[in-house]
Structures are given as C-alpha cells and as structure tokens.
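One structure is given below, encoded as structure tokens.
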Amino acid sequence: MKHKKTAKSVLMAVSVASMIDQFNMQNLRLLLSLGYEVHIACNFRKGNTCNEKRIQNLLRKLADMHVVCHQWDCPRSVYSAVRSCKAYRQLLKLMHRYSFAWIHCQSPIGGVLSRLAAHSKGIPVIYTAHGFHFYKGAPIQNWLLFYPVEKMLAHWTDVLITVNKEDYWFAKRHLKAGKVCHIPGVGVSIEKYAGCNTRETMSGNERIKEKAFCIEFQIPPQAKLLLSVGELNRGKNHRVAIAALAGLGRKDVYYMICGQGKLKEKLLRYADRLGVRDFVRLTGYREDMPWIYQNADIFVFPSKREGMPVSLMEAMAAGLPCVVSDVRGNRELIHCSGKEAGFAPGGVRFSADSSKQLANALRYLLGDESALMKKGMYNRQIVQGYRQELVQQQMKKIYGMLKMNQKKKILHVLKMNQYSGAENVAVTICRILKDKHQFAYACPDGAIRRWLEKEQICFYPMTKFSLRELKRVLQTYQPDIVHAHDFSASVLCGYLKKDFLLISHLHNNPYWIRSWGVRTWCYWRMQKKFDIVLTVSEAILNEAVFLKKIKQKCIVIGNPVDTERIVRMADAANTEGFVPEYPDLMFIGRLTKQKNPSRFIRIVSKMQKAGIKVNALMLGDGELAGRCRQQIRNLGLGDIVRMTGYCENPYPYMRKAKLILITSDWEGYGLVAAEALSLHVPVLACAVGGLCTIFQNVPDALCHSEEELFLKTRRLLTSQKYYERYCQKLQKFVHLQEIMQYKNLLGQIYSEEITCCM
C-alpha cells in the first residue's frame, strides 16, 4: 500500500531580516518550488541594514509566498552571552513546536546557535559561511575565538557552503564537515544592472535622470562621483575612503555612501575635521541602486573583511571600474594579472588601512578616462560567471542532495510509560538505526523518560494516552513512518492515519486475541489502515483471529538480542563496585497478570516445604506488587524471597542467578529468556507463545503445568550433573536472533524495500 507524502518543513535561520531580503529570496523560491513548507527565523526588529519600510514590505512579500516567519532575537555580537542563551532557547522551543526536515543557517552567531540546537534535536544542517572571521591576515583574537568553535561545529554540519575559494580550500583541508561546497556568493542579477550606461553613452532620457540625480544629491553635473555601498560600520572601513578623498585635494570629486548604520554621525564629523564635509553624501538605505550606479564614475570598496560582496558584483554588472581593499572576496572578483602590484583589469586593489594607496589609485583612474571605460567593460564580462542563475543551479543541487539523503522521520508510539519488553525493543530500534533515520518516541510521561534521555531519543510526552494528545504529537513531529508497538497504539494511530506509513507491531498474545470481542473487532476495523503488521513470533500470527485474513501484511520479525550490550551492562557491576546477590531462583518482569508472579512465589513455597533451601529474587514492579508482598508474608517467605522493585540494570543480577523461571500465562516472544541465555544463565519457562519458538530444540525447558515447573526446578537445584547437562544443551541447541539480523530486516522495512500489500 502506498502512502502520500506531505510537504516537509525546513527552517532558514539568519541573524537579521535584511539577510533574507538581500541574500536569500531566490533560495526561498527554490525551496518552495521543491515542495517544502518554508519557515524563517530571524530578527525583524533590530540590527537590519535596511529601513523599517523595507522590512514591512518584506513581511508582506513573505506572507504572499506562504512563508512562515518567526521572530528570533539573535544577537550580532559574540559577547552577548545572555542574549545568545535566550536566542538558543527560542530555537529549541521552535524546533520542538515544528518538526523540521533540515535547517539552513547563516551568519556567525546565528550559525553557531542553530547548529547547537539542531545537533541536540538530531536535525541535519546546511551552514552558509559568508566569509569566515578567521582568514589570512585576520587578527589573532579572531583565530583564537572563531576557529576552534567552527572546527568543532563542522562535525555537526552536514553541508558547509563557502562563498569564496580561499574559504573553500581552507574548509576542505581543516574543517571536517559532511560535505564542503563552493558557490560564488548569492549571485547578481545581470539584467537588473545591464541598463546602467556610462555617462558618455547616455541617451536623452538618461540625461534627464542624471539632472534629477544631481539636483537631489546636490552634486554638480560635471563632478566625478565615487560610490560605496554598505552598512555604516567599522568593518566597511569608510573612514579610509573619506581620508583618501581629502588626500586628493580636488573640488570636483564627491563621495557617496549608500547604507545606514550607527557610525553616520561619526563619519560626518570625521569628514568635517578633514575639510571634505561638503563633498560627502550619506544617503541612507536606497532601493534605487541601478539609478545610483548609473550616475557613479568609480566604485570604492574599502572593507576590512569580505566573503563575496554583493554590492561589488552589482557595481561590476553596472560597468563601473572598482577600487577595492586587498582582502579575500575582493581579490577573487578584482584579480590582478599584471606585474604591477595592485593594478587589475577591472580596477585597482589597495591595502585596507592605507588612505594614501587609495588616493593614488583614485588619482590614476580619474586621470585616465579610457582606463575607466576599459575596466568597466571588463568587469561586465567577468561578472557573467557570477549570475544568479548559475548560483541557483548549484543551490538546487545542494538542496536536492540533502533532500535525497534526508533521514526518514520515525515516531514510536506506545501506551505504557514504563520500561519493559516492548519499550526495550522500541529504544533498541532507535539506538541501532539512529545513523540511518531520525527517531522520536511518544507515550504518556513517566519512568521511560529517564531511558529516553539516557539514549538521547527525542521524547514527545502525552498528558494521557488519547486521540487528542496523539493528534497533537503527529501534527508537531510530522513523521514519515509511525511505528505503533501495541494494540491500543495501533488502533489510535490507525484512526488518525493520513499520509504516513503505519506499522503495527504486536509484542504480546493475551487470551482475548483468540476470540472475537470489542478489542479484536476494533483492531480488525483498523487493519486496512496498517501498511505492515509485525509480530514477534509465529504464536501471535496463529492465535490472533484478526490476523488470519491479513497474513499478506504480516512479517514475523522476532526480537533483537544485543548480546554485546547485555554483557557490557552486566560487567558494569565490577566497574561500579556493585556486588549483586547470588539467587538460586529469579523472577524478572512486570508484576502483572500476564507474568503470573504468584506462580513463582508458590514454586518457592513448594521448594521450602520439600526441604530444599533456596533464596529467591524478584525484579520488577507493577499493579500486583502489593498482592505479591502479602502472599510472601502469608506463606512465611519473608526471609527467602526478596522483592527489589524496578531495576534499571538487571543484568548483573541475571548473570549471578542459578536459574531463571518464566511463569507467564502468555508471552509474545519471551525477551527475558533470550537475554538470560545470552549471559549463559539457564531458564525454565511455561510453554506459551514465543517461548515455544525459542526452546523448540530443547523441549525440556518448557513446562505445561505448575507441577511440572516445580519438579524440573527441584531437579535442577538438587542435581549438579543434571544442571550442567541442561546448561550445555541450552547453549548448544538454542539459537537466538542476533542484533545485526534484526537491524538489517527492520532497515529494509523502514526503507520500504520490503512491502506488504493486500
């Protein structure tokens, strides 16, 4: 039976909304075209490099695209520890509320917080590094602070995207990410800036626009205009350009900066101090950049650090010669080919801290009109290799690769909240297949939480086991596969079945499955919703009346026996200084009607009456615990039978036991028997359910009555030769399913390589 797939949710996490507006709109459209439901987490309120009007327009545009937006108070400073902790908790809450297939994060602080949160939730991550803070020539404190963090987080990064070749080769050699890719920044729209003409080739309409430009910014028509674009911060280094303007000593050269930021007043005061205040124009954020580029003569880009600058690519597409600082990113775009240091076919490079070099470069270009033309034309040709279309083709491959390698999301659903047979199996499945799939566990909150936290399994607790609570979990986690581990869980999941593969896993064979009743009828009514039915033994398949007509859907899978882990946990007693008792007889399991613990107590009582001294141990808890204690007191066994309650690690006790009795009235598989045998401890069991399959080659281990169980127990405890022969027979003829067999079979089922159809 085929099941319909839903649109999976992905999260794009960046520090500020302006990063979405400037760098990621094409990526959002691409994700939507791939069928994803797209969520955005960023700071829409503070730290943006564009104005409030632009942010509001962005929000409306995202709403029209059906992109879900979340306010994320991500700090931009590495020293904001309190704000970083708050932002981290916001992400965790968001990841708990929504089930994301993967996350695409950007920006240094946002990238760190996103990857930490994603790792804790087991969510795959793409990280785009728009220029590492550690690079050739970077301050030593950058290397000490940022490099160790990035080196560690790279191990938790499925795809690391770099935007320049210098970062790419460094990441390939030194950062152990799942995959390292290089894309040429976010690309540039060639068509948008292709209409920007130089002043010499302007048409009549352009001349009118030029006049309007000169009037708006109060710049003489014949003046030369130097242009910079970027946020007004220290990293963009606009002070050195203002100093170079003063060094030129010309009255016909103006300098314009398009961008907003905290340093506006400081830059104006600095220009005033150098005597060039009248020649500097700070326009704030502008949305008409093609018009601005068209009226500029030289693009000046004095940044101290760059990844792959968008504004520089825009200026090149507009046909402007570029004078840029000699830093990574700029070097890749304005590369030198001649012998003369700093001079390039597309412009000139200068040292970022030298206003004198910048002034000399500007003086050279302003004095040679033909050089301006040639370098502008060259830049238009070179930037063709950085078109948005090429970048989007590469991003589509990256997103497609992650989508193809995406782990399936599997939800285990159980009614009980304790840790016993079925719960043990569910946890084991999560542990052995966690490298292949993404797992979560849902049940009422209880003692199972400790085990899930220990195994680092994502837990969705329910206030009670109900349709409403289960529906909430399914809507939140959005699983590809739901694995229901009991009758009640199977029926509820079947009722809510929509677009996931549903596996009903039956671990038990109580008496009621053998005849028609309310419970068997409910399961039968839901059987059409089950894609696969797993049973742990042939006994369940043969006894359950509701399975007889749907055997085509059924697979007998057995139970996993992780011998290596069981032995390791049994050995933990030695390392922790723990000394278990040496019981002659041992009972282990839930104190429920199914396990019939009263039968075990009666066997011990008969041994005492027969004059055989034994000490007995009962591990487990359940609704019959009080009745068992009362029975022990009534039979005078207080000094003989010890009840310990629930035990997190029973294996040290099991290893020391001389004989383990399984007194169940019914058993789906009999996992306790298999675990005991893996520790070479002999077992006597009632001949029910899956126990008959385990001991099919050793019928002496099966008892058909309480009296037979007592007689065999007495013989084993009184005859050492018989006991040794019995142990040898068990080890020779009982063959258990190893964990790797189980893992391979279940892996094929989850991957839908094995399917069952009606």
Side-chain angles (χ1 to χ4, degrees), residues 2-14 17-42 44 54-55 57-70 72 94-95 98-107 110-111 114 118 123-130 157-163 178-179 181-192 308 310 313 317 384-409 438 475 478-480 498-500:
K2 291 190 177 178
H3 56 286
K4 189 176 155 189
K5 297 284 184 184
T6 52
K8 294 300 176 183
S9 300
V10 296
L11 175 66
M12 184 170 287
V14 300
S18 51
M19 286 194 71
I20 296 293
D21 186 40
Q22 295 168 6
F23 301 148
N24 287 288
M25 292 305 293
Q26 292 295 325
N27 287 338
L28 294 181
R29 294 187 183 96
L30 178 57
L31 288 170
L32 290 169
S33 72
L34 291 172
Y36 287 108
E37 177 185 276
V38 182
H39 293 243
I40 290 174
C42 65
F44 290 94
R54 180 79 179 191
I55 295 298
N57 289 337
L58 173 65
L59 284 168
R60 284 192 289 271
K61 189 183 296 184
L62 294 173
D64 291 340
M65 295 167 65
H66 303 291
V67 173
V68 185
C69 297
H70 306 277
W72 183 34
L94 187 63
M95 291 177 188
Y98 298 95
S99 182
F100 298 116
W102 45 270
I103 294 173
H104 186 175
C105 59
Q106 301 170 45
S107 76
S114 298
I123 302 175
V125 177
I126 297 176
Y127 172 55
T128 298
H130 292 282
T157 306
D158 295 86
V159 181
L160 173 59
I161 300 174
T162 59
V163 296
K179 188 173 182 63
C181 301
H182 168 250
I183 62 171
V186 297
V188 62
S189 175
I190 301 297
E191 295 76 15
K192 185 177 180 180
M308 182 54 64
V310 175
M313 289 190 287
Q384 293 291 327
Y386 297 85
R387 299 193 309 275
Q388 278 184 349
E389 296 81 9
L390 297 177
V391 173
Q392 286 306 295
Q393 288 175 13
Q394 295 179 53
M395 285 304 302
K396 187 174 183 179
K397 289 180 181 179
I398 292 171
Y399 286 152
M401 174 181 64
L402 198 64
K403 186 175 183 179
M404 184 174 61
N405 296 331
Q406 185 180 317
K407 294 180 178 180
K408 285 192 176 180
K409 297 171 68 176
Q438 182 180 335
Q475 289 176 341
Q478 297 180 16
D480 297 295
K498 285 187 178 179
D499 43 29
F500 49 77

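Remember, predicted model here, so these are calculated numbers, not experimental data. Worth knowing before you read on, the calculation uses all heavy atoms, side chains too, and leaves out hydrogens, waters and symmetry mates.
Side-chain contact between Gln26 and Val391 is absent, with no heavy atoms from C-beta onward closer than 4.5 Å. Between Met95 and Ile103, some side-chain heavy-atom pair lies under the 4.5 Å cut-off.
Ring geometry for His70 against His39 counts as parallel: the plane angle stays under 30°, on a 0 to 90° scale with 60° as the upper cut.
Here the rule is side chain to side chain contact (heavy atoms under 4.5 Å, CB included) with Gln392, and of Ile183, Val186, Asn27 only Asn27 fits it.
Note: Lys179 NZ to Ile398 CD1 = 8.5 Å, rounded to the nearest 0.5 Å. Here the CE-CG distance, from Met19 to Asn24, works out to 6.5 Å after rounding to the nearest 0.5 Å. Note that the CG atom of Leu62 and the SG atom of Cys69 stand 4.5 Å from one another [nearest 0.5 Å]. Expressed to the nearest 0.5 Å, how far CE of Met65 lies from CE of Met25 amounts to 4.5 Å. The distance from atom NZ of Lys498 to atom CD of Gln478, rounded to the nearest 0.5 Å, is 11.0 Å. Rounded to the nearest 0.5 Å, atoms CG (Leu30) and OH (Tyr399) are 6.5 Å apart.
Checking Asn57 against Arg60 by side-chain atom types alone, a donor-acceptor pair falls below 3.5 Å. Between the side chains of Ser9 and Glu37, a donor-acceptor pair is found at a separation under 3.5 Å.
Between Pro184 and Gly385, the shortest heavy-atom distance links the atoms CG-O, 4.3 Å. Minimum heavy-atom separation, Tyr127 to Gly111: CE1-CA, 3.8 Å. Considering all non-hydrogen atoms of both residues, Cys42 and Ala17 come closest at SG-CA, 3.6 Å. In this structure, Ile190 and Ala317 approach most closely via the heavy-atom pair CD1-CB, 4.3 Å. Minimum interatomic distance between Ala129 and Leu160 (heavy atoms only, all atoms of both residues): CB-CD1, 4.4 Å.
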Quiz item: Can you check side-chain contact (heavy atoms from CB on, under 4.5 Å) on Arg29 and Leu32, steps first, answer last?
Solution: CA-CA 5 Å; Arg29 294 187 183 96; Leu32 290 169; 5.5 Å; no

Self-check item: Ile161 and Met395: CA distance, side-chain angles, deciding distance, side-chain contact (heavy atoms from CB on, under 4.5 Å) verdict
Solution: CA-CA 10 Å; Ile161 300 174; Met395 285 304 302; 3.9 Å; yes

Exercise. Apply the test side-chain contact (heavy atoms from CB on, under 4.5 Å) to residues Val67 and Met12: give CA-CA distance (whole Å), side-chain angles for both, the deciding distance (0.1 Å), then the verdict.
Key: CA-CA 10 Å; Val67 173; Met12 184 170 287; over 6 Å; no

Exercise. Please test Tyr98 against Leu11 for side-chain contact (heavy atoms from CB on, under 4.5 Å), starting from the C-alpha separation and ending with a verdict.
Key: CA-CA 9 Å; Tyr98 298 95; Leu11 175 66; over 6 Å; no

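Asp158 contributes a side-chain N or O that, together with a main-chain N or O of Val125, makes up a donor-acceptor pair within less than 3.5 Å. Although no hydrogens or angles enter the test, the distance criterion places no donor-acceptor pair under 3.5 Å between the side chain of Asp21 and the main chain of Ile55.
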